[in-house]
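This chain uses plain numbering: 1 for the first residue, then up along the sequence. Note that ligands are numbered from 1 as they come in the structure, with each ligand's atoms numbered from 1 the same way.
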Amino acid sequence: MDSYGRAFTYLRVSVTDLCNLRCVYCMPEEGMKWMPRDEILSFEEIVTVIEAAAACGVYKIRLTGGEPLVRSDIAVLTRMVARVPGITDLALTTNGTRLAELANDLASAGLRRINISLDTMDPVKFKAIARRHELHEVLEGIQAAHAAGLRPVKINMVVLGGLNDEEVADFAAMTLDQAIDVRFIEYMPLEEAKGCAMGSGNFSFVPNQISKERIAARFGELEPLEVGDGMQGPAEVFQIQGAAGRLGFISAMSAPFCKLCDRLRLTASGELRSCLLDGGGLSLKPLLRNGGSRQD
Ligand code: SAM
Ligand code: SF4
């Protein structure tokens with residue numbers, strides 16, 4: 001529990017800083033400098049931190065990155081995490097490009113739910129936004145996740161003015177017949193994204209209110225939902241009347257939700273952070289590599 005009375009029950013674990021895409025809002029197209037391999041926590045070190053966190057009340061883990069599915073043997077780590085006593089909710093966020101080949105292994109290793117990032121359904125725009133790989137790989141990954149029984153499948157779309165903002169209603173339409181949740185994420189000017197994004201004139205900021213209005217203009221007024229099952233997090237949740245899936249709006253910039261934030265983050269190099277924007281962190285590597293106990 002922190003000094004604002006927020007109980008931390010959710011730990012996001014970055015398993016690698018590497019990625020096979022270069023999304024315009026996240027990384028520069030060329031010249032990424034990756035961490036030396038021995039700086040990255042081993043599977044055993046990650047699991048030690050998760051065991052210690054679980055002993056303090058964390059029950060939800062999300063594996064993320066960089067791109068978690070480019071780390072070798074990610075299904076092995078998934079199985080190790082799924083077995084940690086007290087971890088009852090295990091999820092993963094991926095760009096989907098390797099999901100078609102890995103979805104079954106991940107599901108049998110104990111993964112339950114998955115978030116797949118997809119910002120456009122136009123193959124040409126995909127090249128402009130993600131700059132590597134192909135749209136069809138991600139679409140096949142989404143189908144594979146469904147077929148492997150991962151539920152719910154959530155699609156994350158970062159809304160970028162002038163690049164994909166005209167597709168928000170098309171994305172919302174995915175929820176009509178399929179039990180897919182689509183979440184619209186406002187672009188955040190993160191430290192990591194510096195120099196590769198809005199400043200370069202590639203796109204503009206779109207507040208979620210605009211996306212909501214565009215969707216309502218096509219499908220009628222959206223029904224607000226109270227959800228207590230993990231769709232919520234910081235998202236405001238709505239549904240198109242009669243739709244099978246739901247719509248989430250994550251408005252970190254236009255309606256900050258800091259007071260509701262209950263997540264801790266473990267970076268790939270072993271820093272424990274409570275907030276991505278405050279710049280502070282606690283390096284756990286010295287403890288992990290110098291014989292510290294779980295209690296430490
Ligand atoms: N590589 C995986 C992926 O793209 O899903 C996992 C890591 S990625 C950093 C996690 C999520 O953060 C993705 O949904 C991505 O779209 C989102 N994201 C990355 N940079 C962002 C930014 N500057 N503003 C808002 N969302 C961002
Ligand atoms: Fe890679 Fe995810 Fe960042 Fe895109 S958002 S560059 S897929 S880490």
Side-chain angles (χ1 to χ4, degrees), residues 10 12-35 61-71 74 91-99 102-103 106 111 113-120 125-135 137-138 141-142 145 150 153-161 163-165 167-168 171 181-200 202-208 211 233-235 248-257 263 265-268 273 275-277:
Y10 176 16
R12 295 172 71 100
V13 178
S14 170
V15 300
T16 178
D17 62 330
L18 300 178
C19 189
N20 56 351
L21 300 186
R22 296 289 184 280
C23 303
V24 282
Y25 48 79
C26 182
M27 292 185 187
E29 185 161 14
E30 302 294 341
M32 275 302 291
K33 291 205 170 54
W34 310 112
M35 287 175 204
I61 299 290
R62 176 174 301 279
L63 302 176
T64 178
E67 170 48 39
L69 302 194
V70 302
R71 178 136 184 192
I74 185 68
L92 182 142
T93 300
T94 173
N95 64 32
T97 52
R98 295 203 61 207
L99 201 50
L102 288 170
L106 291 167
L111 186 70
R113 23 205 219 92
I114 195 148
N115 287 17
I116 303 166
S117 302
L118 177 64
D119 300 320
T120 178
K125 286 190 191 166
F126 186 88
K127 277 282 182 203
I129 296 173
R131 301 191 288 207
R132 309 259 164 113
H133 285 265
E134 303 288 341
L135 173 65
E137 298 166 55
V138 183
I142 294 172
L150 296 171
V153 172
K154 293 186 196 167
I155 307 292
N156 285 350
M157 175 196 200
V158 180
V159 183
L160 309 161
L163 278 182
N164 65 358
D165 56 327
E167 292 183 68
V168 289
F171 269 70
D181 293 337
V182 177
R183 308 190 321 155
F184 301 92
I185 300 178
E186 286 180 350
Y187 164 72
M188 287 180 283
L190 298 175
E191 181 66 18
E192 290 82 347
K194 241 200 226 151
C196 56
M198 242 163 52
S200 62
N202 279 335
F203 57 87
S204 58
F205 176 73
V206 181
N208 263 337
S211 301
F249 294 86
I250 302 183
S251 314
M253 302 310 291
S254 66
F257 38 75
R263 43 195 74 181
R265 295 172 177 80
L266 180 67
T267 69
R273 291 193 183 172
C275 177
L276 282 182
L277 298 178

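- Atoms of ligand 1 found under 4.0 Å from any heavy atom of N95, numbered from 1 in the order shown, are 2 (C), 3 (C), 5 (O).
- Near E67, meaning under 4.0 Å from one of its heavy atoms, ligand 1 places the atoms 1 (N), 2 (C).
- Residue-ligand proximity: G65 is placed with every non-hydrogen atom at 4.0 Å or more from ligand 2.
- The option from S117, A252, C19 that lies nearest to atom 14 (O) of ligand 1, judged by heavy atoms, is S117.
- Per-residue contacts place T64 under 4.0 angstrom from the following atoms of ligand 1 (heavy atoms of the residue considered): 6 (C), 7 (C).
- In this structure, the separation between CG on D17 and NZ on K33 is 13.0 Å, given to the nearest 0.5 Å.
- Atom CD1 of I142 is separated from atom OG1 of T94 by 10.0 Å, given to the nearest 0.5 angstrom.
- In this structure the side chain of P189 reaches within 4.5 angstrom of the side chain of M253, judged on heavy atoms.
- Ranking the protein heavy atoms by distance from atom 3 (Fe) of ligand 2 puts C26 SG, 2.4 Å first.
- Looking from atom 4 (Fe) of ligand 2 to the surrounding protein, the closest heavy atom is C23 SG, 2.3 Å.
- Note: an N/O pair closer than 3.5 Å links M188 and ligand 1 by distance alone.
- The shortest N or O to N or O distance between Y25 and ligand 1 is below 3.5 Å.
- The two atoms that bring E167 and D119 nearest to each other are OE2-O, 4.4 Å, heavy atoms only.
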request  = Let me see the working for T267 and R273 under side chain to side chain donor-acceptor pair (under 3.5 Å), right down to the final yes or no.
outcome  = CA-CA 8 Å; T267 69; R273 291 193 183 172; 5.9 Å; no
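- Listed by atom number, the atoms of ligand 2 under 4.0 Å from G66 heavy atoms are 8 (S).
- Of all atoms in ligand 1, numbered sequentially from 1 with element shown, those under 4.0 Å from a heavy atom of E186 are 25 (C).
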side-chain contact (heavy atoms from CB on, under 4.5 Å) evaluation trace for L135 with L118
CA-CA 9 Å; L135 173 65; L118 177 64; 3.6 Å; yes
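- For a threshold of 3.5 Å applied to N or O pairs, the pair formed by R12 and ligand 1 contains no separation below that value.
- Both the backbone and the side chain of T93 come within 4.0 Å of ligand 1, counting heavy atoms alone.
- Between Y187 and F203, the distance from one ring center to the other falls under 6.0 angstrom.
- Here R132 pairs with E30 in a salt bridge; the nearest charged N to carboxylate O distance falls below 4.0 Å.
- Close approach to V158 involves these atoms of ligand 1, each under 4.0 Å from a residue heavy atom: 16 (O), 26 (N).
- Side-chain contact check for T120 versus L163: every heavy-atom pair is 4.5 Å or farther apart.
- Residue contact annotation: G66 has a non-hydrogen atom under 4.0 Å from ligand 1.
- Contact between M157 and ligand 1 is absent, with no heavy atom of the residue lying under 4.0 Å from the ligand.
- A donor-acceptor contact closer than 3.5 angstrom links the side chains of N20 and T97.
- Atom 1 (Fe) of ligand 2 has its closest protein heavy atom at C19 SG, 2.3 Å.
- Taking a cutoff of 4.0 Å between a charged side-chain nitrogen and a carboxylate oxygen, R98 and E67 do not qualify as a salt bridge.
- In D119, neither the side chain nor the backbone holds a heavy atom less than 4.0 Å from any atom of ligand 1.
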